[in-house]
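These notes are about the structure you will find just below.
Chain naming here is simple, since letters A, B, ... match the order of the sequence lines and numbering starts at 1 in each.
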Amino acid sequence: MTIVTRFAPSPTGFLHLGAARTALFNWLYARHHGGRFLLRIEDTDRKRSTTQALDAILDGLRWLGLEWDGDWVSQFARRPRHAEAAERLLAEDKAFRCYCTPGELAEMREKALQAGRTRLYDGRCRERHGAEAPSGTAPAIRFKAPLDGESVIDDLVQGEVTVANEKLDDMVLLRGDGTPTYMLAVVVDDHDMEITHVIRGDDHLTNAFRQYQLYLALGWEAPAFAHIPLIHGADGAKLSKRHGALGVESYRDDGCLPEALANYLLRLGWSHGDDEVIDLQQATAWFDLDAVGRSAGRFDAAKLENLNGHYLRAADDRRLVDLVMPRLADELAGQLAEQHAITVEARLEQGMAGLKERAKNIVELSENAMFYARKRPLPLADKALALLDSEARRHLAGLRPGLDAAVDWKADALEKLLRRFSDEERVKLGKIAQPLRAALTGAAASPGIFEIMEVLGKEETLGRLDDAIQGA
RNA sequence: GACCCCGUCGUCUAGCCCGGUCCAGGACACCGGCCUUUCACGCCGGCAACGCGGGUUCAAAUCCCGCCGGGGUCACCA
């Protein structure tokens, strides 16, 4: 049997973390088993569905590297097929027309809630015939849910879960306006798309029982279910906008690398012994549902950040340059004209190894790289300014002729030169290196200073040095 | 409220199914230290958990029961 999974978001918002993880698990499960991973957009709610949301979801999936097989399916486009299924159930007396008004329904709900019943609908239209149908109301089609017995689902994550059928409501299949409800649409679509494994959030667990009954009524084989725990905010409550249930694109904008987010999401709720750093390829080889935990996890930004730093250090230099350049251009607005941009890009590529060692995300990386992009004279941070006292400037002035005379402008040669100079002056290397750092980068912390001199080149280095020596 | 699910360091988790190897292991965070021209990285060390109460057993994080706590679901939303 070929395994077929699907991710079925509704295009009413961005791709938030919980949804992204659901997509990831579906993708991994399909890939691991050599199956297919399909995408279905649940856009039956026309009022809330937007194309912006759809684009955000598609972009988010692509950014994370979760490509789906074939074209995505629009649930809305399949509504004739949904209606057909509802009509068939009606014909087979497994469903009925319901003429109840919203007012009646509200009354029933209140009554049921008061009595502590889960079955809200009282079944009053079950046996009502067409002839007695009140005119003027467009009837909805309701499912005749079983009144007794129990439904059992052998969930791949939650285990065997049983619910008494009397708790299952006569749910609406087709609304009065003829549009299908979610409950009907998922079942019909999952069946038609030949989905073998439905992997989704825990919040759908109770829906699974209603859907299971529908499969039974329709005479179809139900897929295997796997309900994965939800992701909670740091305070333990359901992840909401309040605690940054943001779209994956906002993590990207904040400097997150997709492989880091994927790794983080993977480890939140799934584990493979003591392994922590697991890329998508390794995950594909290892992933299976039996290692998915049953309890909800809390979102931990610090752990994501740590993972991000790891992947950042491992990332290709050229790729990072491409990620950093737009941010620098943005910050320097206009100052990064073409000729200078070429120079900066070359510097970044050369200096990236030292830069990426010191950043946890692309934003930080860009900030740290700023001194390679700025033109003279450099703005000096307070700490840099403090480093450049009169004594320091005297040292730098003393150092200048030696640098000017240097023929071999390479990091190791420059280091020898500096060390010799500090020996001769009988001062610690730090007394020279720190002011030099301040002069060349405008900051008190940076990559290795000799490496920076090499990347900057002799002319720029001496220029920045002069700025600092003469500086007020 | 009813139904369902969950409960190991602050957080993610290993161990639980098949009780002893667990005075509970790893990772992140935090706190020391080393390395070092700075900051990082790296390395070394430290802090820190089986929700509570009963059983069963020679022995329980592991099995059973109760309680408590957290979460989810109860629409002509998805």
Suppose you measure atom [atom1] in [N] against the same atom in [M]; what distance do you get, rounded to whole Å?
N: B:A14; M: B:U8; atom1: P; value: 10 Å
N: B:C65; M: B:C5; atom1: P; value: 13 Å
N: B:C30; M: B:C67; atom1: P; value: 41 Å
N: B:C18; M: B:C63; atom1: C1'; value: 12 Å
N: B:A27; M: B:C68; atom1: C1'; value: 30 Å
N: B:C50; M: B:G25; atom1: C1'; value: 13 Å
N: B:G46; M: B:G26; atom1: P; value: 10 Å
N: B:C6; M: B:C43; atom1: C1'; value: 39 Å

Donor-acceptor contact present, side-chain [X] to main-chain [Y], <3.5 Å:
X: A:Arg88; Y: A:Leu218; answer: yes
X: A:Asp170; Y: A:Ala145; answer: yes
X: A:Ser271; Y: A:Gly273; answer: no
X: A:Glu104; Y: A:Thr101; answer: yes

Rounded to whole angstroms, how far apart are [atom1] on [X] and [atom2] on [N]?
X: A:Asn308; N: B:A40; atom1: CG; atom2: C1'; value: 15 Å
X: A:Leu266; N: B:A27; atom1: CG; atom2: C1'; value: 14 Å
X: A:Asp382; N: B:U38; atom1: CG; atom2: P; value: 21 Å
X: A:Arg6; N: B:A78; atom1: CZ; atom2: C1'; value: 11 Å
X: A:Tyr182; N: B:U73; atom1: OH; atom2: C1'; value: 12 Å
X: A:Arg358; N: B:U38; atom1: CZ; atom2: C1'; value: 8 Å
X: A:Asn263; N: B:C28; atom1: CG; atom2: P; value: 12 Å
X: A:Glu166; N: B:C74; atom1: CD; atom2: C1'; value: 14 Å

TODO: Measure centre to centre between the rings of A:Trp270 and A:Phe25, then say whether the value is under 6.0 Å.
DONE: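 No; A:Phe25 has its ring centre 6.0 Å or more from that of A:Trp270.
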Task: Check: A:Tyr215 ring centre within less than 6.0 Å of A:His191 ring centre - done: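 So the answer is no for these two rings.
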Open item on the list: I want to verify a distance call: between B:U37, B:G42, B:U73, whose nearest atom is closest to the A:Asp203 side chain?
Closed with: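 Among the listed nucleotides, the one closest to the side chain of A:Asp203 is B:U73.
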TODO: Among the candidates B:U37, B:C41, B:G71, find the nucleotide nearest to the side-chain atoms of A:Glu357.
DONE: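 So the side chain of A:Glu357 is nearest to B:C41.
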Which part of the nucleic acid does [X] contact within heavy-atom distance under 4.0 Å: base, sugar-phosphate only, or nothing?
X: A:Arg200; value: nothing
X: A:Lys360; value: sugar-phosphate
X: A:Thr44; value: sugar-phosphate
X: A:Asn207; value: base
X: A:Arg142; value: sugar-phosphate
X: A:Ile141; value: nothing
X: A:His204; value: base
X: A:Ala140; value: base
X: A:Met183; value: base

Residue matched to [N] through Watson-Crick or wobble contacts both under 3.5 angstrom:
N: B:A29; value: none
N: B:C35; value: none
N: B:A2; value: B:U73
N: B:C9; value: none
N: B:G20; value: B:C58

Open item on the list: Check A:Glu415 with A:Arg419, please: is the shortest side-chain N to carboxylate O separation under 4.0 Å?
Closed with: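 Answer for the salt bridge query: yes.
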Task: B:C41 OP1/OP2 closer than 4.0 Å to side-chain N/O of A:Lys356 - done: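 Answer is no, no contact under 4.0 Å.
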TODO: State whether A:Asn306 places a side-chain N or O below 4.0 Å from either non-bridging phosphate oxygen (OP1 or OP2) of B:A29.
DONE: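 For A:Asn306, the contact criterion (side-chain N or O under 4.0 Å from OP1 or OP2 of B:A29) is met.
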Between [X] and [Y], does any side-chain donor sit less than 3.5 Å from a side-chain acceptor?
X: A:Gln434; Y: A:Arg437; value: yes
X: A:His82; Y: A:Asp189; value: yes
X: A:Asp202; Y: A:His227; value: no

Task: Base versus backbone protein contacts along nucleotides 3-18 of chain B [heavy-atom cut-off under 4.0 Å; B, S, -] - done: SSSSS---SBSS----
Open item on the list: Walk along nucleotides 61-69 of chain B from 5' to 3' and tag each nucleotide B, S or - by protein heavy-atom contact under 4.0 Å, base first, then sugar-phosphate.
Closed with: ---------
Open item on the list: Which is more 5' along RNA chain B, the nucleotide nearest A:Gln75 or the one nearest A:His310? Just name the residue.
Closed with: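 Nearest nucleotide further toward 5': that of A:His310.
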TODO: Output the residues of residues 444-453 of chain A in contact with RNA chain B, where contact means a heavy atom of the residue under 4.0 Å from an atom of the strand; sort by number or write none.
DONE: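 Result for residues 444-453 of chain A: A:Ala444, A:Ala445, A:Ser446, A:Pro447, A:Gly448, A:Ile449, A:Phe450, sorted by number.
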Ring-face cation of [X] near [Y] (centre distance under 6.0 Å, axis angle within 45°):
X: A:Arg313; Y: A:Tyr311; result: no
X: A:Arg40; Y: A:Phe7; result: no
X: A:Arg374; Y: A:Tyr372; result: no
X: A:Arg6; Y: A:Phe37; result: no

TODO: Run through A:Gln158, A:Gln211, A:His204 and flag the one making a side chain to side chain contact (heavy atoms under 4.5 Å, CB included) with A:Phe225.
DONE: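 Going through the options one by one, the only one that passes is A:Gln211.
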